A.B. asks: 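Here you go, one structure.
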There are 2 protein chains.
Amino acid sequence: VPPRFYVPAARAQTDAIELPTDEAAHLSRVLRLSAGDRVRVFNGRGEEWDAVVSETTRTRVLVQLETRIESAKEAGVAITLAVSVLKGDKMDDLVRDAVMLGVVAIQPLVTARTETTLATIERSGRVARWQRVAVSSAKQCGRAVVPEIRPALRFEDAMKAVQTPVMLVEPAAAAPARTLHDLPSLDALTLVAGPEGGWSEDEVRLGTASGAMLLTLGAQTLRADAVPIVAITAVRVRLEDF
Amino acid sequence: VPPRFYVPAARAQTDAIELPTDEAAHLSRVLRLSAGDRVRVFNGRGEEWDAVVSETTRTRVLVQLETRIESAKEAGVAITLAVSVLKGDKMDDLVRDAVMLGVVAIQPLVTARTETTLATIERSGRVARWQRVAVSSAKQCGRAVVPEIRPALRFEDAMKAVQTPVMLVEPAAAAPARTLHDLPSLDALTLVAGPEGGWSEDEVRLGTASGAMLLTLGAQTLRADAVPIVAITAVRVRLEDF
């Protein structure tokens with residue numbers, strides 16, 4: 001497979017298209033490609049083309065789109081991951097893996113026990129960073145869709161907005177929870193995963209009151225950073241979508 | 001649940017038992033427990049007891065076993081994980097998560113593209129370290145079984161020893177591979193996972209010649225450190241053992 005580049009503005013067109021700055025740098029400075037080299041271009045919304053580099057200068061890179069190609073098949077179940085923000089690199093790894101496992105969007109959450117605040121997340125530009133990780137992950141794994149990383153929200157605000165929430169809880173949680181066997185067949189759902197310290201009792205109550213289904217993953221306890229990956233995999237395999 | 005301690009020598013017995021050094025330090029210095037406090041003791045082979053601290057001195061901690069309790073149920077499918085050694089902390093995290101996901105043993109591998117050598121692994125005492133991580137993970141997740149971390153082996157030597165190997169390959173691998181749908185019902189298997197750089201062609205050939213089943217996990221590429229977690233989960237859900 002030729003190297004793949006993300007060009008959000010790409011569409012069926014006959015004139016050459018300019019690469020965004022990051023992608024241009026990747027093409028010319030990292031991979032050292034130049035006019036005549038074959039590449040692929042995808043627009044992050046599922047469309048992908050064979051293409052050829054038509055011009056590289058110090059300030060810009062142009063590529064000429066050729067045939068539209070069939071891009072990697074997207075997952076049949078549209079999973080959004082709403083997840084308590086993890087520390088530093090752990091969140092980068094999670095975004096990378098979740099994109100590779102086919103999620104359609106990621107909603108970062110600040111919960112009662114999340115070890116950061118909305119203000120810190122905003123000040124540090126972490127959402128933009130995770131979006132870059134999502135782009136790089138899509139480039140690497142072959143997806144032509146770049147999942148949206150939404151602005152971080154407090155748990156209680158997120159629960160007003162998410163569709164078909166399935167809240168991941170420990171087996172010992174107060175409220176009775178379903179297991180994978182009881183998971184109904186769904187076309188789209190939001191997996192809602194908590195922080196290392198778990199959900200507060202209020203949060204479990206609020207989740208249930210908001211219509212969330214509670215789901216436990218087997219009898220064993222898992223680390224918070226492994227839960228989303230295990231949950232996405234388990235739900236996709238369970239719904240025969242893997 | 002009272003704090004749990006790992007005492008390999010524990011068995012049904014009436015006399016008090018001494019805790020190993022690490023566990024004694026954890027009990028008295030970290031958790032600051034003393035005579036009269038209630039704890040649990042498990043022997044790493046599936047047996048667990050309610051117990052009470054009977055003595056703590058500067059040099060030793062004694063506990064008195066009481067009723068045998070029913071320990072956490074083990075997975076129905078006995079999965080051994082044979083995995084190319086990952087860099088530093090990533091391997092610690094993988095051991096921790098694999099134990100929580102119920103593996104019965106871990107076989108570290110050195111493959112053609114593994115970024116370390118058998119000599120380095122031996123010199124650095126990493127196997128003993130991973131065994132300590134496995135103990136700490138079992139304590140945390142409630143398992144009364146501590147999976148064995150086997151001495152690291154070269155891939156070709158490991159393939160002579162492992163039972164029912166299922167080798168995880170990229171969708172694009174040369175040889176034709178099965179998907180989860182084609183996975184036969186098995187009571188025990190060894191998932192064999194490669195390094196970041198993938199298997200060499202020779203390794204895929206040797207694996208096939210050794211009777212390994214090749215398995216791909218969906219259409220997307222995953223990071224090497226996520227593959228084992230996704231594979232264990234997918235196999236257990238597929239075999240209705242989650």
Side-chain angles (χ1 to χ4, degrees), chain A residues 1 4 70-76 89-90 92-103 133 136-145 170-172 179-181 183 196 215-242, chain B residues 1 4 70-76 89-90 92-103 133 136-145 170-172 179-181 183 196 215-242:
Chain A
V1 183
R4 304 171 74 237
E70 198 169 343
S71 46
K73 201 160 156 261
E74 287 291 304
D89 287 354
K90 302 244 177 217
D92 291 3
D93 287 348
L94 175 57
V95 169
R96 185 168 296 120
D97 291 337
V99 169
M100 292 189 176
L101 283 167
V103 300
V133 171
S136 129
S137 183
K139 286 173 73 171
Q140 214 182 325
C141 78
R143 284 184 77 181
V145 170
E170 300 253 315
T179 64
L180 268 189
H181 275 283
L183 188 71
E196 197 63 66
L215 181 73
T216 61
L217 293 170
Q220 261 88 39
T221 303
L222 296 168
R223 288 189 309 139
D225 34 327
V227 165
I229 298 309
V230 169
I232 296 166
T233 304
V235 166
R236 288 192 56 193
V237 175
R238 173 73 187 135
L239 299 180
E240 307 264 334
D241 178 43
F242 206 85
Chain B
V1 181
R4 303 170 76 236
E70 198 170 341
S71 45
K73 203 162 155 258
E74 287 291 305
D89 287 354
K90 301 245 175 214
D92 291 4
D93 287 347
L94 175 58
V95 169
R96 185 168 294 119
D97 291 337
V99 169
M100 292 189 175
L101 283 166
V103 300
V133 172
S136 128
S137 183
K139 287 173 73 172
Q140 214 183 326
C141 78
R143 284 184 75 180
V145 169
E170 300 252 317
T179 65
L180 269 189
H181 275 283
L183 188 71
E196 196 64 64
L215 180 73
T216 61
L217 294 169
Q220 261 88 38
T221 302
L222 297 167
R223 287 189 311 139
D225 35 327
V227 164
I229 298 310
V230 168
I232 296 165
T233 305
V235 165
R236 288 192 58 193
V237 175
R238 172 76 186 133
L239 299 180
E240 307 265 334
D241 177 43
F242 206 86

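Numbers restart at 1 for each chain; the letters A, B, ... are given by sequence-line order, proteins then strands. Everything numeric in this text was worked out from a predicted model, so none of it was measured.
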A.B. asks: With a 4.5 Å heavy-atom cut-off (strictly below), which parts of residues 225-232 of chain A touch chain B? List them by number.
C.D. replies: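 Result: A:A226, A:I229, A:V230.
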A.B. asks: Below 4.5 Å from any heavy atom of chain A, which atoms of B:L222 appear? Answer side chain, backbone, both or neither.
C.D. replies: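 Both parts, backbone and side chain.
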A.B. asks: Going through the checks in order, is the side-chain contact (heavy atoms from CB on, under 4.5 Å) test met by A:T221 and B:Q140?
C.D. replies: CA-CA 8 Å; A:T221 303; B:Q140 214 183 326; 6.0 Å; no
A.B. asks: Could you go through A:V237 and B:T233, starting from their C-alpha distance and side-chain angles, then the distance that decides it, and tell me whether this counts as side-chain contact (heavy atoms from CB on, under 4.5 Å)?
C.D. replies: CA-CA 9 Å; A:V237 175; B:T233 305; over 6 Å; no
A.B. asks: What part of A:D93 lies closer than 4.5 angstrom to a heavy atom of chain B: side chain, backbone, both or neither?
C.D. replies: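 For A:D93, backbone and side chain are both near chain B.
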A.B. asks: Atom CZ in A:R223, atom OG in B:S137: separation rounded to 0.5 Å?
C.D. replies: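 OG of B:S137 is found 8.5 Å from CZ of A:R223.
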A.B. asks: Distance check, rounded to the nearest 0.5 Å: A:F242 atom CZ versus B:R238 atom CZ?
C.D. replies: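 Here the rounded value is 12.5 Å.
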A.B. asks: Quick check for you: among B:D241, B:V99, B:L101, which has the greatest number of heavy-atom pairs under 4.5 Å with chain A?
C.D. replies: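 Winner by heavy-atom pair count: B:L101.
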